[in-house]
Structures are given as C-alpha cells and as structure tokens.
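Take a look at the structure set out below.
In this text the structure is predicted, and so the values were computed from the model without any measurement. In what follows, residues are counted from 1 in the order of the sequence shown.
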Amino acid sequence: MDMLCTIFKSEKMNNWFAAILLQATSVVFMIIHFVGLEFNIYIGPQSVIGGANGVATEAGDYITAIVIGNWPTILLFEAPIIIYVLCLAIFKLPSFKRFKGLGYIQILIVTAIFECAAGVPLCNMSPSWELLTSEFNFDTAVKYFDLQTATKLDSVYSIVGNPFKSSYVIEQEPPVLEHPEEYNIMDIDFDRLIDECTDPDIKKIHDYVHSLTPSKKNEYTGIFKGKNLIQLTAESFTPYLLDEDLMPVLYRLVNNGFVFEDYYQPLWNGSTTTGEFQIMTSMLPSNGFYSMLKTAENNMYLTIGNQFLREGYMSIAYHNGTHTYFNRNLTHCNLGYSKYVANGTGMVGLSGDRAWPQSDIEMMEYAIPRFIGHSPFNIYFMTLSGHSKYDSTNFVVNKNIEEVKAWAKEKGYDFTNTVLSYYAANLEYEKAMEYLLECLEEEGILDNTVFVITGDHYPYSLSDDYVIDDTGHVDYFDVETNLINLFGFKPEIGPDYSHNSLVIWTPEMEGENSVVVTDPVYSVDILPTVSNLFGFDYDSRLMVGRDVLAPETEPLVIFSDYSWLTDLGYYDATSKEFTPADQLTTTKEEVGMNRYIDHPGCKVITYPSVENGGFATLDEYIKHINTDVKNKMILSQNIPLDDYYGIIWGKIEKPEANTEPR
C-alpha cells in the first residue's frame with residue numbers, strides 16, 4: 001500500500017491517492033462484512049469488485065436498512081480514513097514522497113523472507129497448509145484463519161492464479177477405445193495438440209483430459225431428441241418444504257420422471273452465481289464469482305444453451321431480477337442464449353421497481369407469450385421469489401403468508417414465523433410453475449417439453465434476527481433453529497445442508513414410467529446427463545460432472561472445502577475423517593417426511609463405483625478420491641482462466657453486453 005502511494009511526483013497527489021486507497025479498502029471490507037451478515041457467506045475481493053454492484057442494486061432496500069441500522073459498525077470501518085484525513089489537515093504529517101525503488105524493494109524482500117521463514121513452515125507442518133494453498137477457498141479461509149489472510153491470498157490468486165492447483169496427478173495412460181462411437185466423445189486429436197503445444201501449462205491440461213475415460217452412450221441416449229427444454233434455477237430452494245397439498249405441481253415434478261433420491265446442490269463462495277455456474281458449465285467455481293465472469297469472454301462451446309443454438313433452437317434466458325445482477329448481462333448471452341431478458345432490459349409489467357423480490361408469476365406472464373409459439377425452444381429461468389428476507393418486508397411473502405398459515409394450521413405444523421415466510425415466498429414459485437404448465441398444455445406442447453429444475457443453494461439466510469456489537473461481531477439468532485424447524489433434523493455436515501432436488505421430467509415419464517436414481521448426484525452432473533438425453537455431440541472428458549445414467553461411472557459429489565461424498569461415504573477434508581454411507585445423516589423416514597412417491601414397477605438405477613473394489617484399504621480409496629477431487633478442481637480453474645475450449649474449438653469475439661433499454 002505504501003509503495004502505491006508514492007507513484008506520483010506531486011506529494012499532494014500521493015496524499016489524495018493514499019486516501020482513495022484507504023477508503024476503497026474500507027469499502028471492500030465493509031461489503032464483505034455486510035454480505036456475510038446478510039447471506040451468511042464470505043465473498044472475496046474479486047467477487048466484491050465483480051458482483052457487489054448487483055447485490056447492492058438488487059437487494060438495495062433491506063441492505064440499506066441493515067447499513068443504516070448499524071452505523072456504529074460503519075464508523076468502525078471508516079475510522080482509518082477519518083483519522084488519516086484529520087491528521088493531514090490538523091497535524092500536517094509528512095507527505096508521501098516519490099517512490100524510491102531500491103529501498104522499497106529491499107523492504108519487500110526482507111518482509112517476504114520473514115513471512116516465508118516464519119509462516120510457511122508452521123503452516124506446512126499442519127493440515128491447514130492445504131486450506132491456504134491447493135485447497136484455498138475464501139469463505140473457508142476466513143472461518144479457519146482470518147479475513148486479512150484470506151483477502152491477501154484471494155487477491156494474489158485472482159491476479160496470477162493459484163500455482164498450488166496447477167499440477168495434475170494422472171493415474172492412468174490414455175484409454176484405448178475399441179469402439180469410440182459407443183462413447184460420448186468428439187473428434188479431438190489430443191496427440192496432435194500435445195505435440196504442437198508450446199505452453200507447458202496448457203500441455204498439462206491436454207495430458208490430463210486425454211487420460212480420462214469417457215462415459216458410454218446408453219439406453220437413454222437421445223430419448224429427448226427434438227423436444228423443447230425449459231430449465232429453471234430456483235432461488236434458495238430446498239426439497240424439505242415440499243408438501244403435496246400446498247405445492248402439488250413441484251411435488252409432482254420432483255417425484256416423477258427421473259427421480260434423484262440423493263441429489264446435492266453445494267454452496268460455494270459467490271452464492272447464486274456459483275450455483276448457476278455449476279449447473280450451466282459442469283465445472284466447479286473454484287474462483288468464486290470470477291469463474292462465471294470469465295465465461296463472458298471465453299468460448300463456452302459445451303454449455304446446454306450453445307448446444308441447442310447449434311441445433312437451431314430458439315434460446316432465451318429470463319430473470320425477474322435486475323439485469324446487471326452478478327453481471328448476467330455480460331455472461332448469459334455467451335452461455336448460449338440469443339437474448340437475456342431481465343428487469344431493466346426488456347422485461348416490463350412487474351410489480352414496480354420497489355418490490356422485493358419480484359414475482360415469479362409475473363415473470364412467467366411476461367415471458368411465456370414470447371416463446372410459446374416458436375418450437376423448438378430452449379428457455380432458461382432464474383427465479384427470484386424464493387429470496388430472503390423471510391419476513392414482512394418481503395413482497396411475495398405478504399402475498400401468500402395467510403394461505404400458508406391456514407395450511408400449516410390445518411396440518412398441525414409448528415413452524416417458526418421465518419419458516420412460514422419461507423414457505424410463502426416459495427408458494428409464489430409453485431404458482432408460477434402451475435401457470436407455466438397450464439399454458440404449455442393449452443398450447444398442446446407440454447408433452448413435447450422437458451423440464452430440468454434444481455435450486456441454486458440451500459436457504460442459508462433463513463433468519464430475521466441478528467445483533468451487531470460495537471466491534472462488528474455478528475450474532476445470528478434462529479438460523480440453526482429455523483433450519484432444524486424446516487428440515488426436521490439438525491444439519492451437521494455439508495451433505496445435510498446441500499441435499500436438494502433435481503427434476504428431469506416430461507409427462508410421458510409419470511408413475512411407473514419413472515426412473516429412480518439412487519447414487520449420489522450433484523449440480524455439475526446436470527449438463528452431461530442432459531446432453532446425453534438430448535443426443536448431443538459432446539465430449540464427456542471435458543466436463544467435470546458425469547452422465548449419471550451411464551454405466552461404469554463413479555459417483556462423486558465435491559464440496560467447496562474439498563470434502564466429498566461417494567456411494568461409500570462422506571470424507572471431511574478439514575478433519576480428515578471418513579464416515580461410511582450407512583452411518584450418514586438422517587433418512588427421510590427418521591425426519592418423518594415422504595418426499596418421494598413409491599412407484600411399483602418403476603426402474604431403479606444403482607451404479608456402484610467401478611473402482612471401489614480395486615483398493616486394498618480404505619486409505620488407498622480415500623487417496624484415490626482426493627486425487628480425483630483435486631484434479632477436477634484444477635481443471636475447473638484452468639478451463640475458464642486459460643479459455644481452454646477456445647484452444648480446442650477456436651477463439652470467439654467477445655459478445656457485447658446486453659443493454660437493451662427497458
């Protein structure tokens with residue numbers, strides 16, 4: 001910081017520049033604090049810089065209320081800049097003089113040597129070393145270390161990448177496929193790419209991808225070919241709210257078609273945008289918000305939107321929130337949607353700019369007439385009605401709360417006010433889905449339409465009560481209480497929180513025609529699975545997820561802190577403890593729920609991990625999966641940073657931002 005304040009000849013300019021830097025730093029830390037307060041997750045500087053404008057715009061009313069209501073905390077953050085300016089004005093402290101390169105370089109070298117000598121060995125002697133290096137995640141680093149350490153690392157990694165994640169461990173030679181036409185691969189000459197590559201980092205990616213075994217085509221390959229697709233990412237959705245009487249449409253969709261009994265939507269640093277990134281790209285958002293932002297300028301050849309565009313489909317994305325939120329106006333057209341229509345870029349008729357959150361029903365009323373007569377179509381919705389806060393300040397909660405209270409009273413449910421409000425928010429989403437299905441049925445195209453639906457993350461802000469003390473420390477009240485009240489059990493590990501529902505449904509797959517998948521499945525598995533169902537020409541080696549309907553695939557769910565879940569059990573990367581599958585969490589029977597309908601005669605798919613039987617000890621198995629997890633994390637980081645699809649299929653011209661006037 002001191003070096004940056006000495007770049008100008010004018011000492012006065014250096015002083016003002018120092019004040020600007022100090023103020024900017026205060027604002028960044030303030031945003032990190034208040035986003036953590038509101039959304040119960042810490043986001044790094046790169047996410048703040050990229051996404052804070054959207055957060056502030058979209059949720060401005062109640063974030064403003066939080067800020068106004070906690071002015072002592074703001075004064076604490078502003079104290080350094082206030083003291084600095086007063087000292088300059090009153091005491092006339094010495095000014096920052098012109099940069100003296102050699103002296104500062106010497107100071108930097110000494111500081112670096114000291115930090116490396118004192119800090120690195122200490123960290124390297126403990127498991128914490130990996131949390132700072134190869135397994136770095138901003139939210140985890142803040143919680144296990146401190147904000148300053150996490151911020152320094154996040155800033156450096158966002159600029160130069162994380163060098164600790166750059167080395168793949170390749171466990172096998174490239175497989176020899178006797179009948180390549182039986183696999184989901186494309187005609188990519190990796191031998192030529194490797195021979196001609198002059199960049200050692202890119203060559204590592206080639207070597208790793210080439211070593212992977214692609215997934216096989218199967219009995220479900222192409223069964224949806226030519227059908228329409230409607231894909232939804234539902235804000236803050238969790239299946240624990242499903243009730244057949246209150247939400248019959250969502251209940252029907254979750255319990256029919258391809259029924260995934262063990263599906264997860266892990267939460268990553270970046271909240272909704274990282275949830276969308278997993279679903280749309282089949283990659284892990286190892287760089288937080290920056291992972292999605294990079295898609296705006298990269299070749300995103302394999303996204304479901306771009307695959308449909310190449311088939312000549314109408315492809316449009318809709319969102320009833322602000323069009324610039326999380327920079328979707330920059331990213332979504334490049335993800336394969338010829339138009340991205342949101343509040344502020346074409347979408348009109350919503351309940352006023354002051355309503356928060358906007359109604360999903362009103363989004364459907366706007367969008368449906370604009371695509372329903374144009375089959376074949378690929379339509380994407382990012383909903384908003386399920387968003388916090390879950391209290392009387394919520395627009396859609398107020399619309400539906402009395403109906404929810406009457407239902408809960410009739411059922412004899414003892415829910416907290418916050419959970420009742422959460423139900424009311426999601427009842428708007430239920431009604432939007434009911435309206436959508438009715439419109440498609442009236443048009444006579446429901447039978448030719450496939451639905452793919454999941455949530456972006458669990459409702460981690462299920463609270464309306466908190467206190468901030470004079471030091472800025474936040475005490476939340478009733479978050480865990482509300483989650484227990486909603487879930488029916490106490491969540492303790494990642495899978496407990498992230499358990500969600502995945503819908504892949506079309507009317508012809510009702511009742512006994514349903515297919516139940518019992519293996520663990522998660523968000524990055526959606527893209528390869530749907531690509532196979534629609535019979536697209538894609539390369540399964542270039543996706544981190546797997547086609548869950550393909551035999552001989554290894555179930556694997558990866559969480560942001562490098563913990564993982566397979567059909568054998570759950571591994572906690574922080575504690576280094578493995579819990580066998582038969583000892584994991586509460587079952588739906590113990591919770592007292594019946595989220596899934598038993599369909600006599602329906603097909604049940606269970607594909608045991610192919611490699612499970614090949615390990616002499618549990619430690620060997622854990623080492624194998626840990627290696628696989630780190631490789632997938634590295635690939636997820638390298639594909640966006642290096643525009644790897646652009647290397648395979650050619651660069652693209654950066655699309656213009658979608659700035660259609662309202």
Could I get the full list of salt bridge (Lys or Arg N to Asp or Glu O under 4.0 Å) partners for [X], not counting sequence neighbours?
X      : answer
Glu510 : Arg252
Glu438 : none
Asp245 : Lys411
Glu430 : none

Listed partners of Trp505 passing ring-ring contact (aromatic ring centres under 6.0 Å, His included), at least two apart:
Phe451
Suppose we screen for ring-ring contact (aromatic ring centres under 6.0 Å, His included). Which residues come up paired with Tyr538, at least two apart in sequence or across chains?
none
Sequence neighbours excluded, which residues qualify as side chain to side chain donor-acceptor pair (under 3.5 Å) partners of [X]?
X      : result
Tyr301 : none
Ser421 : none
Ser315 : Asn378

Strictly by salt bridge (charged side-chain N to carboxylate O under 4.0 Å, His left out), give each pair with a member in [range] just once, sequence neighbours left out.
range            : result
residues 300-322 : none
residues 636-647 : Asp643-Lys651
residues 220-234 : Lys227-Glu508

